[in-house]
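Worksheet for the structure shown next.
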Amino acid sequence: MEGTFFAPALEELEHVKSEQGEILTKPFLDVCKKMLPILDKFGATLCLVKADISGNISRLESKYSSNTSRFNYLYSLVQVEVETDTAKSSSSCTNGLLWLTRAMDFLVALFHNLIEHEDWPMSQAATDSYDKTLKQWHGWLSSQSFTIVLSRAPDRKKFMEVIGGTGNINADVEKFCTTFSPLLEENHKFLACLGLDDMKAS
């Protein structure tokens with residue numbers, strides 16, 4: 001492919017915000033979708049994460065598609081549920097956005113580790129990222145399962161070569177992390193203001 005595996009996501013990131021500075025639903029979900037081919041390159045290691053991300057994207061996309069003008073802005077998906085007192089339901093778009101954001105936090109932390117700690121094997125980079133992001137929201141069983149799965153992470157050098165394609169992987173990863181992180185932080189702040197940022201996995 002032309003450039004790195006991050007090139008499509010970087011291109012999509014340029015369209016995530018409206019002129020007024022609000023996060024747009026479709027472009028945000030499209031950026032998240034562009035992460036799925038990268039996760040495929042991990043093999044079976046991150047299949048749980050991929051399934052979780054795909055499910056939450058589908059849930060949010062389905063709601064967006066039901067009324068694209070009404071749900072043009074990402075947070076409108078949450079606001080309508082707050083008004084109907086359904087935001088804390090496990091099947092809500094609010095819950096979907098929260099877990100999608102957390103999964104993206106994990107990926108950003110993982111890719112940041114791969115750039116910052118070139119001497120770390122993939123399993124160490126992945127476990128450190130998990131400990132900093134998802135672990136606090138998982139129960140004991142989920143946490144144990146994740147720890148075992150991440151210990152079987154693929155070879156770091158081969159993985160970086162594959163996702164690097166014909167571009168500068170370090171530059172693209174760094175740009176992705178620094179551009180995407182503030183959007184994820186914005187999501188957390190918005191959800192925290194509504195008291196919806198502390199839901200844990202069952």
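Note that the structure is predicted; figures quoted are calculated from it, not measured. The chain is numbered in sequence order, starting from 1.
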- For the pair L10 and K34, evaluate side chain to side chain contact (heavy atoms under 4.5 Å, CB included) and give the outcome as yes or no after the intermediate values. CA-CA 9 Å; L10 288 172; K34 297 286 193 275; over 6 Å; no

- Message: Any heavy-atom pair between the side chains of N72 and K26 that's under 4.5 Å?
- Response: no

- Do L24 and Y64 belong together in a cluster built from hydrophobic side chains that touch within less than 4.5 Å? no

- Note on the structure: On a heavy-atom basis, the closest approach of F71 and K63 is CD1-O, 3.3 Å

Sequence neighbours left out, cut at 3.5 Å: what donor-acceptor pairs do the side chains of residues 105-113 make with other protein atoms?
{"unit_1": "D105", "atom_1": "OD2", "unit_2": "H188", "atom_2": "NE2", "d": "2.5"}
{"unit_1": "N113", "atom_1": "ND2", "unit_2": "A125", "atom_2": "O", "d": "3.1"}
{"unit_1": "N113", "atom_1": "ND2", "unit_2": "D128", "atom_2": "OD2", "d": "2.9"}
{"unit_1": "N113", "atom_1": "ND2", "unit_2": "S129", "atom_2": "OG", "d": "3.1"}

- Message: Once rounded to the nearest 0.5 Å, what's the spacing between atom CD1 of I169 and atom CZ of F6?
- Response: 5.5 Å

- Task: Could you pull out the closest heavy-atom pair between R70 and S76, with the gap in Å?
- Result: O-OG, 3.3 Å

- Message: Less than 4.5 Å apart, side chain to side chain, heavy atoms only: is that true for T94 and T86?
- Response: no

- Value for CD (E186) from CD (E22), rounded to nearest 0.5 Å, stands at 9.0 Å

- Which heavy atom of A87 sits nearest a heavy atom of M199, and at what distance? O-CE, 4.0 Å

- Query: Would a 4.5 Å heavy-atom cut-off, applied to side chains only, mark D30 and K33 as touching?
  - Reply: yes

- Item | Shortest non-hydrogen separation from E12 to P27 and the atoms involved | CG-O, 3.7 Å

- Query: Is there a side chain to side chain contact (heavy atoms under 4.5 Å, CB included) between F146 and H138 once you walk through the steps?
  - Reply: CA-CA 9 Å; F146 250 91; H138 280 166; 3.5 Å; yes

- Report yes or no: do L98 and V82 belong to one cluster of Ile/Leu/Val/Met/Phe/Trp/Tyr joined by side chain heavy-atom distances under 4.5 Å? yes

- Message: Counting neighbours of CD on Q144 that are heavy atoms of other residues, nucleotides or ligands and sit closer than 6.0 Å, is the number greater than 12?
- Response: yes

- I115 vs M160, side chain to side chain contact (heavy atoms under 4.5 Å, CB included): CA-CA, chis, key distance, verdict: CA-CA 10 Å; I115 298 302; M160 294 301 278; 4.2 Å; yes

- Item | Nearest-0.5 Å distance, CG of residue D40 to CG of residue L46 | 10.0 Å

- Query: At their closest point, which heavy atom of F180 faces which heavy atom of C32, and how far apart are they?
  - Reply: CZ-SG, 4.1 Å

- Query: Just wondering, do F42 and V162 contact through their side chains at under 4.5 Å, heavy atoms?
  - Reply: no

- Verdict with reasoning, K50 to L36, per side chain to side chain contact (heavy atoms under 4.5 Å, CB included): CA-CA 7 Å; K50 186 187 175 187; L36 298 178; 3.8 Å; yes

- With a cut-off of under 6.0 Å to the ring centre and 45° to the axis, is R156 in cation-pi contact with W120? no

- Message: Taking the side chain as everything from C-beta on, heavy atoms only, tell me whether D131 gets closer than 4.5 Å to T127.
- Response: yes

- ILVMFWY network linking M122 to V149, side-chain heavy atoms under 4.5 angstrom: no

- So, D197 side chain and A192 main chain: donor-acceptor pair closer than 3.5 Å or not? no

- Message: Counting neighbours of CG on D198 that are heavy atoms of other residues, nucleotides or ligands and sit closer than 6.0 Å, is the number greater than 12?
- Response: yes

- Task: Look at atom CD of E19 and say whether more than 12 heavy atoms of other residues, nucleotides or ligands are closer to it than 6.0 Å.
- Result: no

- Item | Transitive ILVMFWY side-chain link L184 to Y73, under 4.5 Å | no

- Query: Among side-chain atoms of D52 and S54, is any donor-acceptor pair under 3.5 angstrom?
  - Reply: no

- Message: Is it the case that the side chains of N187 and Y75 hold a donor-acceptor pair, with the cut-off being a distance below 3.5 Å and no angle test?
- Response: yes

- Message: With a 3.5 Å distance limit and no angle check, can you tell me whether S92 reaches the backbone of K88 through a side-chain donor-acceptor pair?
- Response: no

- Item | Within-4.5 Å side-chain heavy-atom neighbours: V16 and L183 | yes

- Message: Is there a side-chain contact between L60 and T25 in this structure, where contact means two heavy atoms from C-beta onward sitting under 4.5 Å apart?
- Response: no

- Non-hydrogen atoms of Q136 and K132 that approach each other most closely: NE2-O, 4.4 Å

- Message: I'd like to check F190 versus L196 (side-chain heavy atoms, cut-off strictly below 4.5 Å). Are they in contact?
- Response: no

- Note on the structure: OG (S62) and CG (L77) are apart, to the nearest 0.5 Å, by 10.5 Å

- Query: Among pairs that include at least one residue of residues 169-183, which meet side chain to side chain donor-acceptor pair (under 3.5 Å), considering only residues two or more places apart or in two chains?
  - Reply: T4-D172

- Query: Atom CZ in R102, atom CH2 in W137: separation rounded to 0.5 Å?
  - Reply: 4.5 Å

- Query: Roughly how far, to the nearest 0.5 Å, is CH2 of W99 from CG of N56?
  - Reply: 9.5 Å

